[in-house]
Amino acid sequence: MDNKIISAYIDILKEELVPALGCTEPGSVALAAGQAAAILGGFPEHLDVWCSGNIVKNVKGVIVPNSDGMRGIDAAAILGAACGKAEAKLEILSAVTPDDIKRTRELLKTDYCKCMLEEGEANLFIRVVATRGVESSEVIIRDGHTNIVFMKHNEEVLLDKATLAATEDSLEEKKNLLSIKNILEFAKTADMSPLEELFDYQIKVNCEIATEGLKNDYGACVGKTLMETCGDDIKVRARAGAAAGSDARMAGSCLPVVINSGSGNQGITVTVPVVTYAEELGLTREELYRALCVSNLVAINIKRHIGKLSAFCGAISAATAVGAAVTYMRGGSFEEVCGTITNTLANVGGVVCDGAKASCAAKIAAGLEAAFLADSMAAKGRSFQAGEGLVEEDIEDTILNIGIMGRNGMKETDTTILHLMLGDIDKANC
């Protein structure tokens with residue numbers, strides 16, 4: 001296999017599979033505010049926060065981790081500024097103290113933090129302006145949850161990535177090398193030693209939060225409900241574990257996760273069912289690593305066309321990738337893996353994202369059910385055919401079609417969902 005592709009795939013996995021505490025959007029808001037406070041050298045006297053619609057959508061319904069049940073952009077921003085551990089990135093809220101929580105509750109009753117919708121920007125956009133006496137700081141995050149592109153202290157620009165010349169291929173350019181054929185070849189033949197530590201941590205933390213979700217009552221208890229009512233079948237256990245991890249995460253669990261495509265829910269989804277199946281099939285640790293290469297990279301390959309945040313539910317792209325990994329683990333051919341991907345996307349490739357919240361767990365469970373059906377069909381040589389909906393002969397064209405639908409076709413859906421959530425649509429005249 002081409003060494004350039006091997007190197008690119010390893011880089012993609014190391015860049016994408018990073019730890020986060022709680023839902024990534026509140027964590028990203030906290031990071032921006034924490035960095036703004038760090039620039040000032042102390043806790044700000046006031047915060048102004050501008051967020052794109054998709055950030056608003058994904059922060060509104062989830063509990064901010066380590067917040068004692070608080071929700072919202074303002075809570076995430078104040079806590080991030082209070083704990084001030086910007087170097088922790090998406091785990092910044094792990095440093096929150098009881099005093100930080102008390103201070104945040106008090107400030108939420110005032111006009112300390114003003115939150116505004118930023119229109120005309122990227123789907124993932126956060127801008128924080130902090131003031132302290134005569135000093136001010138500004139931090140902008142764009143296109144990636146930890147991608148700080150601009151920092152300013154008073155009138156001095158500390159960072160402006162738009163002015164920096166590119167010195168190496170960007171991560172997006174490396175993602176252009178992704179294809180199902182090459183992903184499978186990489187999974188089968190690449191040396192796993194550079195990825196062992198990364199995958200070990202992904203397995204550890206993502207399975208721990210799944211166990212936590214099955215042990216305790218979080219959210220709507222989707223995972224627990226599956227285990228209590230649907231038996232002990234491998235497919236049920238795989239769906240329940242992933243759903244339970246999301247149950248816990250959306251309800252504010254303080255356990256970290258390793259994300260995929262900027263999402264903890266997607267990270268849990270591509271991990272827990274694959275581990276569950278590997279245990280059932282008696283696979284070795286190395287064989288599990290190789291299956292995780294498939295699930296992680298297929299998910300990234302699908303999601304790169306859709307974009308970081310969209311009205312297209314990311315749990316579906318992650319579940320599709322799990323189906324591909326299951327087919328791979330049972331020794332399925334390239335054609336069967338393509339059939340599994342096609343069958344899943346042709347079935348549930350239109351589930352909408354109406355924000356991060358408890359029902360994400362149910363969407364994960366539904367997506368995985370479709371993926372396991374897709375694998376069963378592919379094992380018998382059954383697949384939806386080119387010309388049926390968005391399905392094409394080449395699997396990459398089918399994936400691209402789904403991406404175009406999610407990125408471009410669902411823009412108006414995304415806008416409508418946001419306005420409904422903000423309550424600024426006159427439903428009486430609809």
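The first residue in the sequence is number 1, and the count goes up from there.
- For the pair Ile203 and Leu292, the minimum side-chain heavy-atom distance is below 4.5 Å.
- Using cut-offs of 30° and 60° for the angle between ring planes, the Phe372 and Tyr277 rings count as tilted.
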_Working for salt bridge (Lys or Arg N to Asp or Glu O under 4.0 Å), residues Lys175 and Glu16_ = CA-CA 11 Å; Lys175 288 181 183 179; Glu16 289 280 353; 2.5 Å; yes
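- Separation of atoms CD1 (Ile306) and CG (Asn408) is listed at 11.5 Å; rounding is to 0.5 Å.
- You'll find the side chain of Leu345 stays beyond 4.5 Å of the side chain of Leu390, heavy atoms only.
- In this structure, Lys174 and Glu15 have side chains that are not in contact, with every pair of non-hydrogen atoms separated by 4.5 Å or more.
- With no hydrogens or angles considered, a side-chain donor-acceptor pair links Asp100 and Thr97 at under 3.5 Å.
- A salt bridge does not link Arg127 with Glu121: every distance from a Lys NZ or Arg NE/NH1/NH2 to an Asp or Glu carboxylate oxygen is 4.0 Å or more.
- The six-membered or imidazole ring of Tyr328 lies away from that of Phe186, with a centre-to-centre distance of 6.0 Å or more.
- Ser359 and Lys357 form a side-chain donor-acceptor contact under 3.5 Å, judged by distance and modelled atom types alone.
- Judged purely by distance below 3.5 Å, without hydrogens or angles, the side chains of Lys161 and Asn147 pair a donor atom with an acceptor atom.
- Between Arg142 and Glu118, no side-chain nitrogen of the basic residue sits less than 4.0 Å from a carboxylate oxygen of the acidic one, so the salt-bridge criterion is not met.
- Asn401 and Glu392 form a side-chain donor-acceptor contact under 3.5 Å, judged by distance and modelled atom types alone.
- With hydrogens and angles ignored, the 3.5 Å screen pairs a side-chain donor or acceptor of Asn123 with a backbone N or O of Leu309.
- Thr24 places a side-chain N or O within 3.5 Å of a backbone atom of Gly262 that can act as its donor or acceptor partner.
- Here SG of Cys353 is found 7.5 Å from CG of Asp414. Values are rounded to the nearest 0.5 Å.
- Counting only N and O atoms by type, the side chains of Ser193 and Asp191 include a donor and acceptor under 3.5 Å apart.
- No salt bridge links Lys188 with Glu185; every basic N to acidic carboxylate O contact stays at or beyond 4.0 Å.
- Considering only heavy atoms from C-beta on, Met192 comes within 4.5 Å of Cys293 through its side chain.
- Under the side chain to side chain donor-acceptor pair (under 3.5 Å) criterion, the residue pairs touching residues 205-214 are Lys204-Glu208, Asn206-Thr271, Glu212-Asn216, Glu212-Tyr218, with sequence neighbours excluded.
- Side-chain contact between Met421 and Ile417 is present, with heavy atoms from C-beta onward closer than 4.5 Å.
- In summary, Arg105 and Asp68 engage in a salt bridge, as defined by a charged side-chain N under 4.0 Å from a carboxylate O.
- Side-chain contact between Ile10 and Ser7: absent, with no pair of heavy atoms (C-beta onward) separated by less than 4.5 Å.
- Between the side chains of Thr327 and Asp375, at least one donor N or O lies within less than 3.5 Å of an accepting N or O.
- Put simply, the side chain of Leu297 reaches to within 4.5 Å of the side chain of Leu13, judged on heavy atoms.
- Dense packing is recorded around CD of Glu228, with more than 12 heavy atoms of other residues, nucleotides or ligands lying under 6.0 Å away.
- The ring-ring contact (aromatic ring centres under 6.0 Å, His included) check on Phe199 picks up nothing, with sequence neighbours excluded.
- When all heavy atoms of Cys23 and Val62 are compared, the pair lying nearest together is CB-CG2, 3.9 Å.
- A 4.5 Å side-chain heavy-atom check between Gln35 and Leu159 finds every atom pair outside the cut-off.
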